[in-house]
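Report on the following structure.
Source: prediction; values computed, not measured. Start at 1 and go down the list; that is how both ligands and their atoms are numbered.
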Amino acid sequence: MSKVAHYLQEHLLGEVTASPEIRRHFSYDASILRLVPSIVVYPRNEGDVRKTARFSWQLARRGRILPITARGGGSNTSGSAIGSGILLVFTAHMNKILMLDAKKEFIVVEPGATYDKLEQILYTHGLFLPPYPGSQHYATIGGGIATNAIGEKSVKYGTTGQHVEKLRVVLANGEVIETGPLSKRELNRKLGLATFEGEVYRGIDALLEENSELIERERQRVKALRNAMGYNLFDIKSKKTFDLTPLFIGSQGTLGIITEATLEVVVHNPITSMAVLSLIDLNDLQHILPEVLKLKPSIFDMVNKAAIDLVLEINPNQLSDVLDNPKAAIHLFIEFDDPKEGDKKKALKKLQKIARKVDSTFHSTKHPEEMERYWKIRHSVGSILTQPQGQSKAVPVAEDICVPVSSLVEFLHRATEIYESNGLAAAAWGHAGDGVVRMQPMLDLGQVGDRQKLFKVSEAIYEVVKDLDGSITAAAGDGRIRAPYTAMVYSPEFYALMLKVKKIFDPYGTLNPGVKTASADEVKALMRGEYNLAHHHEHLPRS
Ligand SMILES: Cc1cc2nc3c(=O)[nH]c(=O)nc-3n(C[C@H](O)[C@H](O)[C@H](O)COP(=O)(O)OP(=O)(O)OC[C@H]3O[C@@H](n4cnc5c(N)ncnc54)[C@H](O)[C@@H]3O)c2cc1C
């Protein structure tokens, strides 16, 4: 064990290891990048996180940078849950639910608790946290807040960040702050603090004041409903309050380390109705989208024909008992969870009327077994993600797009052209109601040609996204892999402002450096030669 690891082990309650096997394991997240940490720490409590940050800060003041990367389930696809220094793994111990107030509908949790764990507990109280991501089995609340994760229910209930009431955060120097909306008086008190917290408040307050026009301009630039690019400078200041919470949401561990979160939860209605609407002409989606959204669906997802074709190529029998319209250009999966049975019935009726206006097939049901059969079509894209085609795998690049819903069909047409002109299947799925599109090209990262194609395709996709006023990342974050393109979508002035924000919170660059700022060359240097998700097998201390 290194000297540093020894020192940390002596001072922390949690385990510290520099074992090559464990470091190798944590050198992967769900991205196509790899970076080996020098030390892995499993913090037991906030005190361990504070001491680690303080240690790293003091080293940095003496000129030695030993960065810290917070890590939840490691399921992020943007290369942000890996780092070269100390990896703080929250899933081992700091995974507890600290409080649940079912009456007031809020929950207090440690960052390493998974969405699944929360769901199990909340369901028993008739509640849930709606923006659970598809990765809910291993994705943690800390990781979800740090990326502003979304899921199928986001169309009705918003993002993970929109459910955060307040956070406890360890700053770069080890100080702990509690975020939440501050009144003018409370803000003035913070601005007067002689601590690092005071410095942070003064820095951000001045930055917002001096750049209000630029910030407003950029707010209007991106019209996508979901946007995890850069830092959220848009929602800190309102007429009455000042709140740093939005800045930490989606900041991917680059501004502070979340040690506790208070989240608003909502009433869960497990009795739902759903419909599958399969359109022969993709263009019809644009016509019906606004009408469907008016019905306030709790899920409004899509899978296109190229994705179904790919699923059937991988496993010809997978959908034999459910798919009655394989030629449809796009299949829409629409759910209603209104508490009143009559409201759900009305919504389905209206939906059927909408379906009749276009060339489509329509099935609706409220019977759980039948619903399960229909969801099988939506969930079949899992085969694309998990089954290799020869040496090629579905790699997560440009896979987290969000465009304004009014441009969704145009995006799908243009993305299809890009994929097909590169000899790739244009399989697409996602959250139609939010304008979120997921596409993962089948590529062999061991082949130079495929590695080049990866950048060619993603750059072409990002150009289209920019053209349509969209976001290159809906929720996974820019991380490392998309960082070189954030300045392409936002203006260079706004990007420079983001670097200033980073400097205010992290003057020595100890918090997850490279994330949100990596250059294209840095990304290329970290690329894996082969892609898989093997790291999702647990690797935690036995205690
Ligand atoms: C198959 C698959 C499906 C997916 N589906 C979705 C989806 O539907 N929606 C979606 O939004 N995403 C999805 N993702 C992406 C990923 O699951 C999310 O980004 C998730 O929120 C990451 O959570 P995690 O616990 O794995 O975080 P990690 O990957 O461990 O970390 C993610 C980021 O959060 C930071 N972080 C973690 N904990 C803390 C903390 N305590 N304090 C500060 N920063 C912290 C890390 O440093 C890193 O930058 C999917 C990924 C896969 C592989």
Side-chain angles (χ1 to χ4, degrees), residues 26 28-33 35 37 43 46 49 53 67-83 86-91 94-95 109-117 131-154 159-161 167-172 226 228 248-261 299 301 379 381-382 384-386 394-396 399-400 402 429-431 434 436 438 440 473-481 483 505 511-516 531-536:
F26 285 113
Y28 300 103
D29 55 11
S31 74
I32 57 169
L33 307 183
L35 190 51
E46 190 178 83
V49 180
I68 301 177
T69 296
R71 168 132 170 163
S75 67
N76 187 248
T77 46
S78 69
S80 68
I82 46 176
I86 302 171
L87 214 64
L88 278 179
V89 178
F90 283 101
T91 42
M94 289 185 69
N95 54 16
V109 294
E110 289 183 320
T114 60
Y115 280 83
D116 248 13
K117 180 170 179 172
Y132 53 84
S135 48
Q136 61 172 319
H137 184 51
Y138 34 80
T140 63
I141 297 302
I145 294 170
T147 56
N148 203 6
I150 57 167
E152 56 188 9
K153 302 265 189 187
S154 290
T159 67
T160 296
L167 297 171
R168 277 181 72 85
V169 180
V170 172
L171 297 178
R226 312 284 170 230
F248 289 109
I249 292 165
S251 67
Q252 300 194 286
T254 61
L255 303 181
I257 301 164
I258 300 159
T259 50
E260 190 182 298
I299 300 178
D301 274 7
H379 298 144
V381 294
I384 299 175
L385 297 178
T386 52
V395 293
E399 87 291 359
D400 188 40
C402 186
W429 60 93
H431 310 309
D434 296 310
V436 173
R438 309 232 178 264
Q440 296 199 187
T473 173
D478 17 29
R480 284 190 171 82
I481 203 140
F505 279 91
L511 293 177
N512 222 1
V515 170
K516 289 187 183 276
Y531 182 69
N532 64 53
L533 288 174
H535 73 284
H536 279 303

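- Between R71 and ligand 1, a contact under 3.5 Å exists for no N or O pair.
- At a 3.5 angstrom cut-off on N or O pairs, L385 does not count as close to ligand 1.
- Remark: side-chain polar atoms of R226 are paired, donor with acceptor, to backbone N or O of S154 under 3.5 angstrom.
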Determine whether K153 and I299 satisfy the following criterion, side chain to side chain contact (heavy atoms under 4.5 Å, CB included), listing intermediate values before the conclusion. CA-CA 5 Å; K153 302 265 189 187; I299 300 178; 4.2 Å; yes
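- Taking any N or O of G151, backbone or side chain, none lies under 3.5 Å from an N or O belonging to ligand 1.
- Neither the backbone nor the side chain of T254 comes within 4.0 Å of ligand 1, counting heavy atoms alone.
- Where the criterion is an N or O separation shorter than 3.5 Å, residue side chain and backbone included, G134 meets it with respect to ligand 1.
- Residue contacts with ligand 1 leave out V515, since none of its heavy atoms falls under 4.0 Å from the ligand.
- Residue G256 places no N or O, backbone or side chain, under 3.5 Å from any N or O of ligand 1.
- With a heavy-atom cut-off of 4.0 Å, P111 touches ligand 1 through its side chain alone.
- Taking a cut-off of under 4.0 Å to the non-hydrogen atoms of A146, the atoms of ligand 1 that pass are 34 (O), 35 (C), 36 (N), 44 (N), 45 (C).
- Contact of the R71 side chain with the I82 side chain is registered, since non-hydrogen atoms from C-beta on lie closer than 4.5 Å.
- Within the set G83, A261, S80, G79, the minimum heavy-atom distance to atom 48 (C) of ligand 1 is found for S80.
- By heavy-atom distance, the residue among I150, L167, I82 lying nearest atom 9 (N) of ligand 1 is I150.
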Test F90 against T140 for side chain to side chain contact (heavy atoms under 4.5 Å, CB included), laying out the working first. CA-CA 9 Å; F90 283 101; T140 63; over 6 Å; no
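- The distance from ligand 1 to the heavy atoms of G144 drops below 4.0 Å at these ligand atoms: 21 (O).
- The shell of residues lying under 4.0 angstrom from ligand 1, judged by heavy atoms, includes R438.
- The neighbour count for H379 NE2, taken as heavy atoms of other residues, nucleotides or ligands under 6.0 Å away, is above 12.
- Checked by distance only, ligand 1 and T147 come closer than 3.5 Å through their nitrogen or oxygen atoms.
- Looking at Q440 against ligand 1, nothing comes within 4.0 Å, counting heavy atoms.
- Judged by the shortest distance from any of its heavy atoms, F248 lies outside the 4.0 Å radius around the atoms of ligand 1.
- Numbered from 1 in the order shown, with element, the atoms of ligand 1 that lie under 4.0 Å from a heavy atom of F90 read 41 (N).
- Within the 4.0 Å heavy-atom cutoff, D29 does not count among the residues contacting ligand 1.
- Contacts of A149 classified as side-chain contact (heavy atoms from CB on, under 4.5 Å), with partners at least two apart in sequence or in another chain: Y115, P133, T147, T160.
- Under a 4.0 Å criterion applied to the non-hydrogen atoms of N512, ligand 1 contributes the atoms 47 (O), 49 (O).
- Checking T77, T114, N76, T69 against atom 32 (C) of ligand 1, the nearest heavy atom belongs to N76.
- Every atom of ligand 1 is numbered from 1 in the order shown, and the set under 4.0 Å from a heavy atom of G253 is 43 (C), 44 (N).
- At a 3.5 angstrom cut-off on N or O pairs, Q252 counts as close to ligand 1.
- Atoms of ligand 1 lying under 4.0 Å from at least one heavy atom of A81, given by number and element, are 28 (P), 29 (O), 30 (O), 31 (O).
- The shortest N/O to N/O separation between G74 and ligand 1 falls below 3.5 Å.
- Between T473 and D400, the side chains place a donor N or O and an acceptor N or O closer than 3.5 Å (distance only, hydrogens not considered).
- From E46, atom CD reaches atom CE of M94 across 6.5 Å, with rounding to the nearest 0.5 Å.
- Ligand 1 has no nitrogen or oxygen under 3.5 angstrom from a nitrogen or oxygen of H431.
- Every atom of ligand 1 with a heavy atom of Y138 under 4.0 Å away is listed here by number and element: 1 (C).
- Listed by chain and residue number, T77, P396, Q440, A476, R482 satisfy the side-chain contact (heavy atoms from CB on, under 4.5 Å) test with E399 (two or more places apart in sequence, or in another chain).
- Applying the 4.0 Å criterion to heavy atoms of A149 picks out, from ligand 1, the atoms 11 (O), 21 (O).
- Between the side chains of T114 and D116, not a single donor N or O lies within less than 3.5 Å of an accepting N or O.
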Pair Q252-S78, side chain to side chain contact (heavy atoms under 4.5 Å, CB included): steps then yes or no: CA-CA 10 Å; Q252 300 194 286; S78 69; 3.2 Å; yes
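- Side chain of Y531 to main chain of A30: a donor-acceptor pair is present (N/O by atom type, distance under 3.5 Å, no hydrogens or angles).
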Assess whether side chain to side chain contact (heavy atoms under 4.5 Å, CB included) is satisfied between Y28 and N532, documenting all intermediate values. CA-CA 9 Å; Y28 300 103; N532 64 53; over 6 Å; no
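- By the 3.5 Å distance cut-off applied to N or O atoms, S75 is counted among the residues near ligand 1.
- One N or O on the side chain of N512 and one on the backbone of S80 form a donor-acceptor pair closer than 3.5 Å.
- The only member of L171, T69, L511 that meets side-chain contact (heavy atoms from CB on, under 4.5 Å) when paired with I257 is L511.
- Distance alone, capped at 3.5 Å, is enough to place a donor-acceptor pair between the N148 side chain and the G161 backbone.
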